[in-house]
Chemist: 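Take a look at this one; I'll ask things after.
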Amino acid sequence: MDVGTSHTSVGTTAVTVLSSHHGRLRRAQRLIEKRDLQAAKRNSTPVASYNQRGELNWKYTFADIVYITDSTKTREITSWAIPGAGLDVPKRLITNEMELAHKAARQRNKARLDSWTSHTVIVVDQSGSMRRTDMAGGATRSDAVWLTLALDFVAKHLVSGQSTDSDVVSVVSMNASGVVLIDRMPHDWKLFNYVIDLLRSQEPCFEGNYIPALDKAEELLCLNMSGSCALTLFFLSDGRPSDPPPPRTDTGNPNWSAGPMSERIDRVCSRFGRRLSIVAVGFGGLGEDFSVLQALAKRPIQFGSSGHFHAATLDAEALSQAFSSLTSSLNMTRTELSREGGSALRSVRDVQREARDRVEDLGLTQAWLVYNGMNSWTPMIRLAWSTARKDWDILPPLAPGAVSVALKKAYFGEGAERLVRKFREVDAEGEFVGPALVAKEGRFMEDLVPGQGQMVYSFHRRFCDTQARAQKLAEVFNEKLSKLPSFIPGVTPTIAFLECAVYVVRDVNVGEIGVLVEKQLDPRAYKKWNDNAGFVDGQDAMAEQLPGAKTALAIIEESDDEETDNSEESSESEHATRADPDISVADIPQAFSHFTYRYTKRRLLVCDLQGVLSVSDSGSSKFEFTDPVIHFCSRTGQRSVFGRTDRGKAGVSDFFRSHKCSALCRMINRTWIRKVGQEQRMQHVIGAEDGRQGALSGISNLAL
């Protein structure tokens with residue numbers, strides 16, 4: 001008699017089950033007892049099932065448990081809880097109107113790729129380990145992921161209005177291969193129901209190979225090359241990949257930062273740059289090895305893309321936070337791509353990017369574009385913005401003997417508004433001369449205005465004006481800093497913003513173009529100390545605002561408004577007796593941003609401080625910054641006075657929500673250093689309130 005199909009009254013314990021070590025391990029991980037398997041074999045009919053090698057197995061399903069035996073039906077192979085067991089998540093009722101809207105959105109998105117606001121590709125680990133029932137309530141890891149995806153991403157975005165049917169979502173299953181489960185579906189309630197179907201039907205199995213899933217994700221991302229579409233790759237796994245390891249490092253460990261996986265990340269990041277965000281989530285218990293995911297999340301930064309790794313412990317809250325990071329990355333990219341006012345999307349230029357950590361260029365190759373004749377009849381000039389004349393000055397080349405300039409074809413840096421590539425002056429022998437430089441150009445298609453010289457100049461003038469204002473404020477800050485008793489000349493870093501010039505050349509294909517050129521900073525040491533959205537290096541992300549609580553900015557403004565000149569300052573003799581703490585290098589950039597707000601009487605704040613902390617041959621150090629942002633608090637209601645990155649009071653508020661005043665912040669406002677530049681402090685905002693053009697005309701009235 002075949003005990004696998006018998007339905008006699010034989011007791012459960014009498015059913016023969018020979019347990020393999022693998023089967024026992026899986027039962028322990030998934031909280032399944034041997035009696036459950038015996039009951040399944042006694043009370044259900046086996047169904048033929050085949051493993052990856054094509055070998056016959058038998059599958060029993062009973063009481064929410066799936067049980068697999070070998071071909072003899074006597075040896076246990078594995079077992080797991082059926083998908084969605086114990087989770088009652090109702091689908092959303094789809095009305096005829098919703099069905100028609102869904103079909104119309106799919107047709108529109110297929111016909112007009114430029115109508116997509118975003119495309120999110122979500123890779124979900126569906127290897128055998130995702131069957132483990134170590135989540136709260138006995139749910140499997142797989143169930144927890146599908147449930148959180150449905151509720152905390154799809155439904156939450158729809159309820160809040162963060163996503164519409166112009167946002168597109170794809171889902172890839174990762175196990176032995178990569179399988180597209182949801183292909184470019186509009187973000188609507190039909191998508192929610194599809195994810196609930198996956199919760200109820202997906203059965204994790206086999207190993208977890210990263211490479212096939214990455215290949216599918218790359219295919220999906222490349223199906224729409226429209227430059228106005230925000231892209232996100234969300235990659236979730238509960239452990240190391242099962243793919244063959246790459247070549248080993250000198251220490252003998254697999255070098256996951258190189259090899260096939262890294263090559264795939266490099267390809268998509270090189271193509272999409274900052275428009276692409278990659279979020280890698282390690283979903284597992286304490287002590288799980290997620291070094292591979294961490295290495296993959298670091299690579300995008302080399303191409304200007306955003307890369308984040310999150311270690312999500314085995315609870316619903318941690319998993320929800322991981323999906324929240326996806327939302328944050330997506331929202332930030334969509335905001336960058338929006339025109340001022342958010343009325344329409346801008347298209348990013350389709351350019352090739354190179355990694356920042358690639359080998360240095362020692363000379364001209366086919367990878368460079370050369371523009372000849374700097375000192376001949378060819379219309380090629382070097383310009384610098386004059387703050388005194390409010391006009392451009394024509395300057396000679398930086399290096400004596402330079403007759404040409406060269407631009408690298410590939411870009412190695414990308415900001416919110418500009419693309420960056422290498423730039424060099426070249427002599428008559430075709431050799432690089434002078435310092436290594438970088439050229440900055442408009443990031444968006446609308447920034448390309450061939451043959452219109454005035455447009456070329458005005459685009460860069462705003463940048464030059466912002467950077468010049470920041471430098472003037474840095475000079476006052478440095479003088480105040482130098483007056484502190486704990487300041488050590490040559491040791492305590494000061495702050496400087498790079499000088500910039502505009503090179504105008506004539507391209508045979510597009511006509512006259514202008515590139516903003518400045519000193520090249522070491523990309524390996526390049527770092528952000530704070531940004532335009534509240535990030536502060538070394539501090540936690542912006543805290544949630546409590547209901548009914550005042551913002552940090554409101555508290556600061558109230559405090560400042562209540563101060564008088566007498567209360568704001570105390571006597572020099574009082575401070576002179578106090579012991580001053582040492583100046584922390586890490587506090588200097590944050591103190592500078594805070595200082596710019598206080599010094600200009602809360603009219604503007606300089607942030608998005610990025611660059612390098614450099615050390616000269618003499619041993620003195622300084623922060624060299626570029627691409628600053630100025631948030632201007634207009635009293636006449638003007639917006640974006642200093643460009644699209646100027647977020648006014650909202651930007652200032654974001655800074656102060658995460659900023660923690662250091663001892664340096666407090667010391668920099670003392671009486672004996674306040675007097676430095678005191679009579680000129682409001683000169684830094686002259687012209688800004690006279691209209692946008694006045695703000696862009698220069699800072700000629702600053703007489704520091």
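The basis for the numbers below is simple: all heavy atoms, side chains too, and nothing from hydrogens, waters or symmetry mates.
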Chemist: Could you check whether any side-chain heavy atom of His308 comes within less than 4.5 Å of a side-chain heavy atom of Ser329, counting everything from C-beta outward?
Modeler: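 Of all side-chain heavy-atom pairs linking Ser329 with His308, at least one is under 4.5 Å.
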Chemist: Are the side chain of Gln467 and the backbone of Thr626 linked by a donor-acceptor contact shorter than 3.5 Å?
Modeler: no
Chemist: Distance from Ile488 atom CD1 to Ser482 atom OG, nearest 0.5 Å?
Modeler: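 Output value for this atom pair is 13.5 Å.
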Chemist: Checking the side chain of Thr600 only, and the main-chain atoms of Thr596 only, is there a donor and an acceptor separated by less than 3.5 Å?
Modeler: yes
Chemist: Counting distance only, does the side-chain N/O of His631 pair as donor-acceptor with the main-chain N or O of Leu605 below 3.5 Å?
Modeler: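 Here the side-chain-to-backbone pair does not exist.
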Chemist: Let me confirm one number: the SG-CZ distance from Cys661 to Arg666, rounded to the nearest 0.5 Å.
Modeler: 6.5 Å
Chemist: Between the main-chain N or O of Asn331 and the side-chain N or O of Thr335, is there a donor-acceptor pair closer than 3.5 Å?
Modeler: yes
Chemist: Determine, stepwise, if the pair Trp368 / Asp361 fulfils side chain to side chain contact (heavy atoms under 4.5 Å, CB included).
Modeler: CA-CA 10 Å; Trp368 290 79; Asp361 295 280; 3.7 Å; yes
Chemist: Kindly determine whether Glu518 and Phe463 satisfy side chain to side chain contact (heavy atoms under 4.5 Å, CB included), including the steps that lead there.
Modeler: CA-CA 12 Å; Glu518 61 186 24; Phe463 175 92; 4.0 Å; yes
Chemist: Under 6.0 Å between ring centres, would you say that holds for His594 and Phe656?
Modeler: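 Centroid separation for His594 and Phe656: below 6.0 Å.
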Chemist: Is any side-chain heavy atom of Leu609 closer than 4.5 Å to a side-chain heavy atom of Phe497?
Modeler: yes
Chemist: How long is the straight-line distance from CG of Leu276 back to OG of Ser270, given to the nearest 0.5 Å?
Modeler: 11.0 Å
Chemist: Check whether any side-chain N or O of Glu425 sits under 3.5 Å from a backbone N or O of Ala402 as a donor-acceptor pair, and report yes or no.
Modeler: no
Chemist: So, taking the atom named CG in Leu337 and the one named CZ in Phe444, what distance separates them when rounded to the nearest 0.5 Å?
Modeler: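 Between Leu337 CG and Phe444 CZ, I get 5.5 Å after rounding to 0.5 Å.
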Chemist: Quick test of your reading of the model: are Asp357 and Arg299 salt-bridged, counting only N-O distances below 4.0 Å?
Modeler: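 Arg299 and Asp357: salt-bridged.
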Chemist: Do Val629 and Val606 have side chains that get closer than 4.5 Å, going by heavy atoms?
Modeler: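 Side-chain contact under 4.5 Å: no.
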Chemist: Is Glu354 salt-bridged to Lys408, cutoff N-O under 4.0 Å?
Modeler: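 Between Lys408 and Glu354 there is a salt bridge, with a charged N closer than 4.0 Å to a carboxylate O.
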Chemist: Using the rule given for side chain to side chain donor-acceptor pair (under 3.5 Å), can you reason through Tyr411 versus Arg443, listing the C-alpha separation, both sets of side-chain angles and the distance that settles it, and then say yes or no?
Modeler: CA-CA 11 Å; Tyr411 296 77; Arg443 182 185 175 211; over 6 Å; no
Chemist: Roughly how far apart are Ile668 CD1 and Ser662 OG, rounded to 0.5 Å?
Modeler: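 Those atoms lie 9.5 Å apart.
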Chemist: On a heavy-atom basis, which atom in Ser593 and which in Asn530 lie closest, and how many Å separate them?
Modeler: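 Ser593 and Asn530 have their closest heavy atoms at OG-ND2, 3.2 Å.
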Chemist: Mind checking whether Thr645 and Ile630 have side chains closer than 4.5 Å, heavy atoms only?
Modeler: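 No, side chains not in contact.
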Chemist: Looking only at atom types and distance, does a side-chain atom of Arg635 sit under 3.5 Å from a main-chain N or O of Arg603, one as donor and one as acceptor?
Modeler: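 Here the side-chain-to-backbone pair does not exist.
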Chemist: Could you report the tightest heavy-atom contact between Ala470 and Pro628, atom names first, then the distance?
Modeler: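 Ala470 and Pro628 have their closest heavy atoms at CB-CG, 4.0 Å.
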Chemist: With side chain to side chain contact (heavy atoms under 4.5 Å, CB included) as the test, pick out the partner of Gln610 among Trp529, Tyr526, Phe623.
Modeler: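 Result for side chain to side chain contact (heavy atoms under 4.5 Å, CB included) with Gln610: Tyr526.
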Chemist: Should Thr492 and Leu484 count as side-chain neighbours, where that means a heavy-atom distance under 4.5 Å?
Modeler: no
Chemist: Tell me the closest heavy-atom pair linking Arg424 and Pro435, and the distance in Å.
Modeler: NE-O, 3.5 Å
Chemist: Identify the heavy atoms of Glu441 and His460 that sit nearest to each other, and give their distance.
Modeler: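 Closest heavy-atom pair between Glu441 and His460: CA-CE1, 4.5 Å.
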Chemist: Check the pair Asp646, Arg639 against salt bridge (Lys or Arg N to Asp or Glu O under 4.0 Å), reporting the backbone distance first and the verdict last.
Modeler: CA-CA 8 Å; Asp646 175 3; Arg639 299 176 61 184; over 6 Å; no
Chemist: Taking the six-membered ring for Trp, are Phe423 and Tyr503 ring centroids under 6.0 Å apart?
Modeler: yes
Chemist: Can you tell me which residue among Arg275, Arg274, Arg353 is in a side chain to side chain donor-acceptor pair (under 3.5 Å) with Glu414?
Modeler: Arg353
Chemist: What closest approach, in Å, do Leu293 and Phe309 show between heavy atoms, and which atom pair accounts for it?
Modeler: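 Closest approach of Leu293 to Phe309, heavy atoms only: CB-CE1, 3.8 Å.
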Chemist: If you measure from OG on Ser277 to CG on Leu326, what distance do you get to the nearest 0.5 Å?
Modeler: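 These two atoms lie 8.5 Å from each other.
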Chemist: Measure the shortest side-chain to side-chain distance between Leu398 and Leu437 over non-hydrogen atoms and say whether it is less than 4.5 angstrom.
Modeler: yes
Chemist: Any side-chain heavy-atom pair from Trp392 and Arg461 closer than 4.5 angstrom?
Modeler: yes
Chemist: Apply the test salt bridge (Lys or Arg N to Asp or Glu O under 4.0 Å) to residues Arg462 and Asp465: give CA-CA distance (whole Å), side-chain angles for both, the deciding distance (0.1 Å), then the verdict.
Modeler: CA-CA 5 Å; Arg462 179 178 292 184; Asp465 182 73; over 6 Å; no
Chemist: A side-chain contact here means heavy atoms from C-beta on lying under 4.5 Å apart; do Gln590 and His659 qualify?
Modeler: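 Sidechains of His659 and Gln590: in contact.
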Chemist: If you compare all heavy atoms of Arg356 against all heavy atoms of Gly304, which two are closest, and at what distance to 0.1 Å?
Modeler: NH2-CA, 4.3 Å
Chemist: Applying side chain to side chain contact (heavy atoms under 4.5 Å, CB included), run through Thr232 and Arg334 and close with a yes or a no.
Modeler: CA-CA 11 Å; Thr232 304; Arg334 285 191 294 207; over 6 Å; no
Chemist: Using side chain to side chain contact (heavy atoms under 4.5 Å, CB included), reason through Ile495 and Asn478 one step at a time and then give a plain yes or no.
Modeler: CA-CA 7 Å; Ile495 287 178; Asn478 292 338; 3.9 Å; yes
